[in-house]
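Owing to the predicted nature of the structure, the values given are computational and were not obtained by experimental measurement. By convention in this document, chain letters (A, B, ...) are assigned in the order of the sequence lines, proteins followed by strands, and residues within each chain are numbered from 1.
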Amino acid sequence: MENRKVRLRFAPSPTGPLHIGGVRSALYNYLFAKKHGGDFILRIEDTDQNRYVEGAEAYIVKSLAWCGIHPDEGPGIGGEYTPYRQSERKELGVYQKYADQLVASGNAYYAFDTAEELDAMRKKLEIAKASIQQYSHATRGEMKNSLSLPEEEWKQKIANGEPFVVRLKVPAGEEIRFTDVIRGEVVFNSDVVDDKVLLKSDGMPTYHLAHIVDDVLMDITHAVRGEEWLPSAPSHILIYRYLGWEDKMPQYAHLPLLLKPDGNGKLSKRDGDRLGFSVFPLEWKDPSSGEISSGYRETGYFPEAVVNMLALLGWNMEGEKEIFSMEELIANFSFEHVHKAGAKFNPEKAKWFNEQYLKEKPDAELAELLKPILLKTFNDKEFKDEFVVEVCRMMKDRVTFVSEIATKGSFFFVSPNYTAENLAKISKTITEEAINAILDVIGRDITDAANLEASLKEVATAQNLKIGEFMKFLRISIVGELSGPGVPDLILLLGANEAKSRVGECWKLMN
RNA sequence: GGUCCGUUCGUCUAGGGGUUAGGACGCAAGAUUUUCAUUCUUGUAACACGGGUUCGAUUCCCGUACGGACUACCA
């Protein structure tokens, strides 16, 4: 165990788009694996055919790739432990023999109960207010299984082709303890552990059996998963024990959950819709309903920002720095600094992270990202590369997303729309004479913003206008409103002709 | 109902038997700026409660409350 190569896996079910909490789980697995020079494996746990969703696996793969989380092994990638889809492994008979082994050793049994019968049992226990309302040592004697039925009878049932499942036989009155990497020692009494189904009637293993068999067969050293799995951990410990695999058992680490920003409960898709943020890395279109859920990528987030934000949601690094590259995260990651309590998701902080990354991006890179957006927003109007780069330089401190450069900075690309409300903000002291003086200054061949500003201020002084009022007029005529980069910079970038035309247009509308 | 996990500013968190309980987001104010934003400065605001243990507890222990997860032939 000590000298084994570190191997971690992320094992999602293809039942829909990968949730941002799932991305975080994958990230923590990846960071730990890479920190220790180990492998990160993607395994698809598609043992539930009823919940299988077309396109979900491809979505998962794309999402991880977008985040910069690259599996060393997985479907479509290959590896020594192929295949990496549990449905395919089942076809190979990977799980059946371990179920058989457990039955043979007396640690599992066949059960024939129908869904209705199981339901009836639970109802009965609920009405009786039984403290344990499960299929367990306390109830299995009254159910239809190979422990309660005479041997000839249950063998006959199997011979007749009656459907059955294999259940784990959990002993009564035992203490089951294990050490969680994040939580320390956790103890359960086996009396409250149910006889979990290991093999379903369709021959598919359940998660409980499948993940254990695969973790051992794939030499997984650390099983890092969400806290929702903690209650079933004792079942898993038992399975390892009964299979004689205690020495091969990976170290378990149960991650805190991601919670709703407001109120209580697990973060869900509905919260995103309700509060206006994404809970998925990429946009997802539900194949059956056609409903579209927004993604971080489409919203305009940089993958580095999402990764950075996610990493710090429930984990922290010593020191006061908060911006970390993937390499830095890998170099510093450890489970010791994973917080035990669930973390409420904070959309505001997510934006802040993106702003930090946006500011650090080179202008030219932003321009490349902006160009396709401009094409779409302004009907294929063409703009020079240097111009777009300059726009990015001026706007990057004022936006959260690149796309906002096109919206908040639309005045760079098309003439502003002068609203009556904004025109009303202009002082009535502006005279035609002043306008002519402005047009004259703009028309001069000035290429330096400071010089231009000085010249404009000279006009203001000569015209007996307050600098503030004067600049306000210029700003509204160029930008259309009272915000944005410095007026002289804008005039120089837009060019004398465009600037003069806007000043003229604005003046015309004022009168 | 039962089991398990958890609880430091509104949020993410640091810390840990003796601290002015630190940082970040947010919010507020100020400085800078023609404006907006950035940036800088400052402020705002927290150890759930009750018992122990101790000279001393937010920190350790036990309860309570509250929150969460699980309680499927789903993962």
Side-chain angles (χ1 to χ4, degrees), chain A residues 11-15 45-48 50-51 111 113-115 118-119 122 125-126 129-135 163-167 180 182-183 186-189 191-194 196-208 210-211 225-234 254 256-257 259 261-266 309 312-322 337 339-353 355 359 394-399 408 425 453 456-457 460 466-476 479 481-488:
Chain A
S13 288
T15 55
E45 309 220 325
D46 54 350
T47 52
D48 185 356
N50 299 322
R51 294 210 308 159
D113 316 275
T114 63
L118 291 170
D119 238 33
R122 289 190 189 105
L125 290 169
E126 197 185 328
K129 292 197 194 293
S131 64
I132 302 164
Q133 305 175 1
Q134 298 168 316
Y135 205 120
F164 65 90
V165 300
V166 175
R167 282 183 183 273
D180 183 279
I182 293 170
R183 281 148 221 284
V186 184
V187 186
F188 290 82
N189 188 305
D191 287 349
V192 300
V193 177
D194 65 329
K196 286 214 172 359
V197 170
L198 265 20
L199 213 58
K200 299 185 257 188
S201 55
D202 63 0
M204 277 282 188
T206 59
Y207 169 83
H208 306 292
H211 96 273
R225 71 218 316 193
E227 196 186 356
E228 70 266 28
W229 292 106
L230 200 47
S232 54
H254 291 94
L257 265 16
L259 273 18
D262 61 340
N264 308 311
K266 251 207 285 196
M309 183 256 310
L312 259 37
L313 214 47
W315 172 78
N316 70 88
M317 209 187 286
E318 284 172 64
E320 289 172 4
K321 202 181 143 182
E322 286 202 291
H337 283 98
H339 204 71
K340 288 186 178 73
K344 284 189 183 174
F345 184 76
N346 184 346
E348 288 305 314
K349 187 105 186 207
K351 284 186 187 172
W352 179 81
F353 274 110
E355 287 161 8
K359 266 185 277 196
M394 291 186 193
M395 291 300 288
K396 68 202 287 193
D397 280 346
R398 292 159 223 272
V399 297
K408 287 188 176 174
K425 291 175 186 165
E453 182 172 351
L456 286 169
K457 282 179 175 172
K466 283 187 197 152
I467 302 279
E469 299 294 347
F470 179 79
M471 294 305 273
K472 199 185 269 183
F473 162 73
L474 266 179
R475 173 164 296 283
I476 288 189
V479 176
E481 56 183 289
L482 293 174
S483 67
V487 168

Over all strands shown, is [X] touching base, sugar-phosphate only, or nothing at heavy-atom distances under 4.0 angstrom?
X: A/Asn189; answer: nothing
X: A/Thr47; answer: sugar-phosphate
X: A/Leu312; answer: sugar-phosphate
X: A/Lys396; answer: nothing
X: A/Lys351; answer: nothing
X: A/Val197; answer: sugar-phosphate
X: A/Val399; answer: nothing
X: A/Pro256; answer: nothing

Which residue lies toward the 5' end of RNA chain B, A/Ala115 or A/Ala343, if each is placed at its nearest nucleotide?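 Its nearest nucleotide lies further toward 5', so the answer is A/Ala343.
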
Taking only Lys NZ, Arg NE, NH1 and NH2, and the carboxylate oxygens of Asp or Glu, determine whether A/Lys351 and A/Glu355 approach each other closer than 4.0 Å.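 Here A/Lys351 does not pair with A/Glu355 in a salt bridge, since their nearest N and O are not under 4.0 Å apart.
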
Check the interface with nucleotides 23-26 of chain B: list each N/O to N/O pair with the protein under 3.5 Å, or write none.
residue: B/rA24; atom: O4'; partner: A/Glu322; partner atom: OE1; Å: 3.3
residue: B/rA24; atom: O2'; partner: A/Glu322; partner atom: OE1; Å: 2.2
residue: B/rA24; atom: O2'; partner: A/Lys349; partner atom: NZ; Å: 2.6
residue: B/rA24; atom: N3; partner: A/Lys349; partner atom: NZ; Å: 3.4
residue: B/rC25; atom: OP1; partner: A/Trp352; partner atom: NE1; Å: 3.3

Can you tell me the distance, in whole Å, between the CZ atom of A/Phe473 and the C1' atom of B/rU35?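 From A/Phe473 CZ to B/rU35 C1': 15 Å.
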
Using whole Å, what does the distance between atom P of nucleotide B/rC47 and atom NZ of A/Lys340 come to?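 It is 21 Å, rounded to the nearest whole Å.
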
Please give the nucleotide sitting opposite B/rU33 as a Watson-Crick or G-U wobble pair, both distances under 3.5 Å, or none.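 Partner of B/rU33: none found under 3.5 Å.
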
Nucleotide forming a Watson-Crick or wobble pair with B/rU64, both distances under 3.5 Å: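 Because both required distances fall under 3.5 Å, B/rU64 counts as paired with B/rA48.
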
